[in-house]
Amino acid sequence: MKIGVLLKQVPSTDTQVKIADPSAGISTADVKWTINPYDEFAIEEALRLKEAGKATEVLLLTVGNKDVEQRLRDALAMGADRAMRLDDPGFVGSDPLGVARILAAAAKAEGVQLVLGGKQAADDDNGQVPIMVAELLGWAHVGVVTKLEIAGETFKAWRASGGGAQDVVEGALPAVITADKGLNEPRYASLKNIMMAKKKAIEVKGMADLGLSAGQVGAAAALVKESGWSLPPQRPAGRILQGDNAARVKELVAVLRDEAKVI
Amino acid sequence: MGNGFLVVAEHDGGHFKKTAYELLAKAVELAAGAPVSAVVIGGDGAGDLGAHGATKVFTVNGPAFGHYSPEAWVAALQAAITASGAAVVLAPASLQNKDAFPRLSARIGAGYATEVTELSAAGGGVVARRPQYAGKAFSTVQIQSPVALFTVRPNSFPAKPATGGSAEVVALAVDAGAALTRVVASEAPSGDVVDLTEADRIVSGGRSVKSKEGFDTLIRPLAAALGATAGASRAAVDAGFCPHSEQVGQTGKVVNPTLYIAVGISGAIQHLAGMRTSKVIVSINKDAEAPIFGVSTYGIVGDMFEICPLLTDELKAALR
Ligand SMILES: Cc1cc2nc3c(=O)[nH]c(=O)nc-3n(C[C@H](O)[C@H](O)[C@H](O)COP(=O)(O)OP(=O)(O)OC[C@H]3O[C@@H](n4cnc5c(N)ncnc54)[C@H](O)[C@@H]3O)c2cc1C
């Protein structure tokens, strides 16, 4: 069984977001890039399945230009077998559905049986693409998974169902699974693998390779348009309560009740 | 081109969730006279949805709709969109809707925006604002397909009081299609608490509670006294003081309560990302320089081990 892991490069979560051009999104000048944290769980799970003899190959799939290659190398250094970058001038400006069409086409062309991805990306927080891939391929999906078992052609996945509850879900491959924190503890790359990853070729595929057309992907096909970027509204300055503990606790309850009116 | 709004009304055990009323209030405001309908999956009747602005309530029932599955939910939502002819679909950003809507979007070719926090009328349609980068930035989203799909963060809009209206109930016969997955077991959480993402009040503890016992004797009783849901920083979760389902932040839950009390939490950027939209933030921290005070409405600089028990007692007395 071949596993396709969907990978996205995102700003590291400690990034201080700045906006220079409100029509263009955040400024990327001082950004430190990482693999989306949820995708790391997906990569780790794929590697464990291969080590357990349940998968034959771990293929990384990402949509992006040359700037994202280092993230593929980071994931190759964790132990993935192959990396593929999906890049074409016609892909630029795709919305989540467009990105999903690109990834679904690549997964299909590669004969992938299991797609693993993160439950959401730490930049747009959309949580859409992997599930859209499942729909486009007509496959089962289970989202926000914290435990996964594969037995032959079937899977069993534990998904959050709200308020700390979990559903245990069964189905048959091919399928898409999205990873939540808790699925596993991602490994660090070994020095040997880092050296090997530097030498590995990264395959690049475009529109024609994937049999996609301009009406399906890119800015012209995008149904979702974003603009008007801004920082969150500043919170008004708060108040530090004074006095001894008993007095401050009394005052806090009083202001929550009478001033803020929240209790 | 469709017309009007469809609200996904979630319920549990016979009661509609607060989000149903929040979304109906917003839909009525934006619809400006266009029809507002609601869909109820796996539950009977319209309840008081009519009194909150729905003129039609579509119900979808049957064995496939008793417990969430993406295939059944997508089929039900698609049927309700067709039957209502709605141009805008509003659903609470629950785990279930966030699981079903991407499939729905791909199936019907409708643009979808996740976890929006504002909606306004513009040029005959609707535009949304939504947080990105875990709330460190906001953008405006416009959807260009005939049907626009939105999941909306709970507590984004106030509900309105009921009026005398009533709704026509239309039972839809929906074929759930071939199930691709099957729920074989459901593991219930311990206790009967409101999910963090929907909670109106949250009390969170950090690394400084020192132990699971510290969390259970300081944070949980304070939360209970307030009728609040307990939350935690990642440091507290990673140390094993409480489960990951209680983590607030960029890699935990993004919450939007009316009242958020942070106890012994420093206010790292990833934690702030999960809670900075809370309406009132209270922090208790012994370090006057802790970044959490920068977003707090009220702060107490002091030792949580002394303050928490006092505050718990004071709240119990005040709320009795
Ligand atoms: C990729 C990534 C994702 C992350 N995601 C999250 C996330 O989702 N959520 C999250 O919370 N963090 C997240 N973090 C971690 C984050 O950076 C912080 O490490 C974490 O939030 C710190 O938790 P804390 O405030 O409990 O602990 P600390 O930062 O150690 O703060 C403890 C605080 O307690 C105070 N204190 C100590 N003793 C007392 C006392 N007796 N009385 C009163 N105050 C006291 C101290 O003054 C201090 O301010 C993430 C980090 C990374 C790298």
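Predicted model only: the values in this text are computed from it and were never measured. Naming convention: chains lettered A, B, ... in sequence-line order (proteins, then strands); numbering from 1 in each chain.
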Do [X] and [Y] have side-chain atoms, one donor and one acceptor, less than 3.5 Å apart?
X: B/S186; Y: A/Q166; result: no
X: A/S230; Y: B/R129; result: yes
X: B/Y298; Y: A/E251; result: no

Contact winner vs chain A - [options], heavy-atom pairs under 4.5 Å:
options: B/K253, B/E115, B/R201; answer: B/R201
options: B/S94, B/S278, B/S69; answer: B/S278
options: B/V74, B/I281, B/V127; answer: B/I281

When rounded to the nearest 0.5 angstrom, what distance separates [atom1] in [X] from [atom2] in [Y]?
X: A/F155; Y: B/T181; atom1: CZ; atom2: OG1; answer: 6.5 Å
X: B/Y68; Y: A/D167; atom1: OH; atom2: CG; answer: 10.0 Å
X: B/L310; Y: A/L252; atom1: CG; atom2: CG; answer: 11.5 Å
X: B/I108; Y: A/E135; atom1: CD1; atom2: CD; answer: 10.5 Å
X: A/I263; Y: B/L226; atom1: CD1; atom2: CG; answer: 6.5 Å
X: A/R235; Y: B/S296; atom1: CZ; atom2: OG; answer: 8.0 Å

Is it the side chain or the backbone of [X] that comes within 4.5 Å of chain A heavy atoms, both, or neither?
X: B/I307; result: both
X: B/V282; result: side chain
X: B/A110; result: backbone
X: B/L259; result: side chain
X: B/L180; result: both
X: B/I143; result: both
X: B/T114; result: both
X: B/Y112; result: both
X: B/K279; result: backbone
X: B/T229; result: neither
X: B/I284; result: neither
X: B/Q96; result: side chain
X: B/A113; result: backbone
X: B/E246; result: neither

If you compare all heavy atoms of [X] against all heavy atoms of [Y], which two are closest, and at what distance to 0.1 Å?
X: B/P102; Y: A/G127; value: CG-O, 3.7 Å
X: A/K181; Y: B/D238; value: NZ-OD1, 3.1 Å
X: A/V249; Y: B/L311; value: CG1-CA, 3.6 Å
X: A/L223; Y: B/G111; value: CD1-N, 3.7 Å

**Prompt:** Do the non-hydrogen side-chain atoms of B/D99 and A/H141 ever get within less than 4.5 Å of each other?
**Reply:**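 Yes - at least one pair of side-chain heavy atoms lies under 4.5 Å apart.
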- Side-chain heavy atoms of A/L136 within contact of B/R103, under 4.5 Å: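 Answer no - side chains too far apart.
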#### Entry: Check: A/D124 main-chain N/O paired with B/R130 side-chain donor or acceptor under 3.5 Å
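At least one qualifying donor-acceptor pair exists.
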Tabulate, in ascending numerical order, the residues of [range] having at least one heavy atom closer than 4.5 Å to a heavy atom of chain B, or enter 'none'.
range: residues 11-32 of chain A; answer: A/P11, A/T13, A/D14, A/T15, A/Q16, A/V17, A/I19, A/I26
range: residues 34-41 of chain A; answer: A/P37, A/Y38
range: residues 94-108 of chain A; answer: A/L97

When you look at B/L95 and A/V144, which way does the side-chain contact (heavy atoms from CB on, under 4.5 Å) test go after all the steps? CA-CA 9 Å; B/L95 279 165; A/V144 196; 4.2 Å; yes
Can you tell me which portion of [X] sits under 4.5 Å from chain B's heavy atoms? Options are side chain, backbone, both or neither.
X: A/V224; result: both
X: A/V255; result: both
X: A/A172; result: backbone
X: A/W158; result: side chain

Do you know which of [options] has the most heavy-atom pairs with chain B at a distance under 4.5 angstrom?
options: A/A160, A/G143, A/G182, A/A134; result: A/A134
options: A/A222, A/G138, A/G228, A/G171; result: A/G228
options: A/E259, A/Q234, A/K119; result: A/E259
options: A/R159, A/Q120, A/K156; result: A/R159
options: A/M132, A/R248, A/E170, A/R257; result: A/E170

Is it true that B/K98 and A/D125 have a side-chain N and a carboxylate O under 4.0 angstrom from each other?
->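 Answer for the salt bridge query: no.
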Counting heavy atoms not belonging to A/R187, are there more than 12 under 6.0 Å from its CZ?
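Atom CZ in A/R187 is crowded, with more than 12 foreign heavy atoms closer than 6.0 Å.
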Got more than 12 heavy atoms from elsewhere within 6.0 Å of NZ, A/K250?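 Not more than 12 within 6.0 Å, no.
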Partner residues of A/D258 under the side-chain contact (heavy atoms from CB on, under 4.5 Å) criterion, sequence neighbours left out: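 Expected list: A/A254.
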Item to complete: Step by step, work out the side-chain hydrogen bond (donor to acceptor under 3.5 Å, both in side chains) result for A/E226 and B/Q132.
Response: CA-CA 11 Å; A/E226 308 220 53; B/Q132 308 225 24; 2.6 Å; yes
